[in-house]
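Inspection log for the structure reproduced underneath, given as structure tokens.
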2 protein chains.
Amino acid sequence: MENYIYINDQLLPATEATLNVRDLAIQRGYGLFDFFKTIGNRPIFLDDHLDRFYHSADEMGLEIAFTLNELKGMISTLIAKNNIPDSGIKLILTGGYSDDGFTITGPANLIIQQTPLVIKNLSDSGIKLMSYHYQRQLPSVKSIDYVQAIRLQKQMRESGVGEILYYYNSIVGESPRSNFFIVTNNEILTAENNILKGVIRGKIMGLNIPGYTVAERDFTMDDLFAAKEAFLSSTTRQAHPVVAVDGRPIGDGQPGPVVREINRQLFGLMEKE
Amino acid sequence: MENYIYINDQLLPATEATLNVRDLAIQRGYGLFDFFKTIGNRPIFLDDHLDRFYHSADEMGLEIAFTLNELKGMISTLIAKNNIPDSGIKLILTGGYSDDGFTITGPANLIIQQTPLVIKNLSDSGIKLMSYHYQRQLPSVKSIDYVQAIRLQKQMRESGVGEILYYYNSIVGESPRSNFFIVTNNEILTAENNILKGVIRGKIMGLNIPGYTVAERDFTMDDLFAAKEAFLSSTTRQAHPVVAVDGRPIGDGQPGPVVREINRQLFGLMEKE
């Protein structure tokens, strides 16, 4: 079974889905993306992701040549064509073909690709992180700039951790592909500034968790190490308990009850989509 | 006349020089490059550029599948095939094809492309800059990350300036594609830290300019506005006089004699290559 990918308005077999090297993603790392999941061929939180996709394009001065309805139509066509019921769908918008390899001279190039992705409830599966001092550029934009995250892959493997946690001047930020939360005695906290505001992060902020207020407010590494629980949030992970950072246990070093309750509610929201 | 481009060991017409969208440059902006010029089909300062290309690859954890001699052979073949005597040749190394669009799983992809480039002596052609508060990530690496520079193109056009000058915490750094120098009463100064150390910058540091010491030492925006002259250095520009920054004139607001002397000597070095 061949997988299909959109390049602009053309639906092509994955092996033929190419860009000429004049594209500004290849020449200058210039592009942005968004990523959502499908469960049983139903897109989950699609409007939130497409809203952010248009926002990112706007922030990077690129124009998406398709209306929201046209994009949705292409996504439906892709889902029908590929028939991968549980999947991740990634939309990439690049700087387009440039005459001089630097200046934006052509229309942006759009890629829509789909890969299998089975969503699991990770409430019982703790992940360990390593911290790294870094502030992403254009933090509110989902750009394709993952230079630090890719470069740190070897160090992560050597350290036996599953993900990185960016902090900057002692303020905790986010992970390369996830937001980050801590749980205190009465709050569920996530960073407010200089991060990408993820779709699942937003859903969690709207939950009603008995005994806790969910708030966005910047907090420090010390706050993290004093927390009862911590977790990552993303389209792939939902809420994923963090049991250690830099080898130091978080709380009692085990997945906790607050993450479990959050996942219970998130999976309920996903059911309703 | 069709222009040819190397993709790994394949020499292809430019229109067929493509990468599959699974490449990590497209997925994650992960790649690096170098750029040198040819004059009358002679590569200029080639060894310096190739040294840096291997250094950048090493810093980004990527392997160039070709030895130095193999690369030089491919460059010679490209020059003979294209016959563009005065040109710029760009080598790009991307993160390669990734199975999951994130992890480095395959060999890096190499691109070698050539475009016409006529080198002029710009000693009499002043350029205006706009400053921008920014520190590039991995500053010693010639990565393809030009997110800020591309994004600022519209603002540059609106401001009527020809280039950006990055500074950070009041320390002057570099331009997106050039190094930056100022001329004081007895020194020719360029930043020491957190910049890409350009090949032309290195050549200028080796020059003997009567009455001046050439030094690398960090300096401030105030130092810049007190300077007698300022200039950009790059493979494309050689030494290019900067006559204003943010609308404020540098020195008397005209190209000066020190830049002229530097270009005289640089063009002499290029003749000898």
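As a basis for the values below, the full set of heavy atoms in this structure was taken, side chains included, without hydrogen atoms, waters or symmetry mates.
- Contact of Leu62(B) with chain A is not made at all, since no heavy-atom distance falls under 4.5 Å.
- Annotation: cation-pi pair Arg151(B)/Tyr30(A) absent, no NZ/CZ under 6.0 Å from the ring centroid and within 45° of its normal.
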Evaluate Val147(A) against Gln137(B) for side-chain contact (heavy atoms from CB on, under 4.5 Å), listing each step before the verdict.
CA-CA 8 Å; Val147(A) 167; Gln137(B) 55 186 337; 3.9 Å; yes
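- Proximity to chain A (any heavy atom under 4.5 Å) is shown, for Ile26(B), by both the backbone and the side chain.
- In this structure, no portion of Gln135(B) lies under 4.5 Å from any heavy atom of chain A.
- The CG atom of Asp100(B) sits 11.5 Å away from the CG atom of Leu117(A) when rounded to the nearest 0.5 Å.
- With chain B as partner, the option from Thr103(A), Leu24(A), Val141(A) having the largest number of non-hydrogen pairs under 4.5 angstrom is Thr103(A).
- Looking at Leu19(B), both its backbone and its side chain come within 4.5 Å of chain A, counting heavy atoms on both sides.
- Neither the backbone nor the side chain of Ser98(B) comes within less than 4.5 Å of any heavy atom in chain A.
- Counting only distance, with no hydrogens or angles, the side chain of Asp23(B) and the backbone of Thr18(A) share no donor-acceptor pair below 3.5 Å.
- The nearest pair of heavy atoms linking Val21(A) to Ile7(B) is CG1-CD1, 3.6 Å.
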Would you please test Tyr146(B) and Gln27(A) for side-chain hydrogen bond (donor to acceptor under 3.5 Å, both in side chains) and show each step?
CA-CA 9 Å; Tyr146(B) 282 70; Gln27(A) 295 284 327; over 6 Å; no
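- Taken from CD1 in Ile150(A) to CZ in Arg28(B), the straight-line distance is 6.0 Å, to the nearest 0.5 Å.
- In this structure, chain B has a heavy atom under 4.5 Å from the side chain of Phe33(A), while its backbone stays farther away.
- Summarising the local packing, CD of Glu192(A) is surrounded by more than 12 heavy atoms from other residues, nucleotides or ligands at distances under 6.0 Å.
- The choice from Gly31(B), Gly95(B), Ala25(B), Pro176(B) that makes the most heavy-atom pairs within less than 4.5 Å of chain A is Ala25(B).
- Proximity to chain A (any heavy atom under 4.5 Å) is shown, for Arg22(B), by neither the backbone nor the side chain.
- Taking Arg177(B), Glu16(B), Glu59(B) one by one and counting their heavy-atom pairs under 4.5 Å with chain A, the maximum is reached by Arg177(B).
- Comparing Ile104(B), Thr94(B), Ile5(B) by how many heavy-atom pairs each has under 4.5 Å with chain A, the most go to Ile104(B).
- Surrounding NZ of Lys37(A) are more than 12 heavy atoms belonging to other residues, nucleotides or ligands, all under 6.0 Å away.
- Heavy atoms from other residues, nucleotides or ligands lying under 6.0 Å from CD of Gln153(A) number more than 12.
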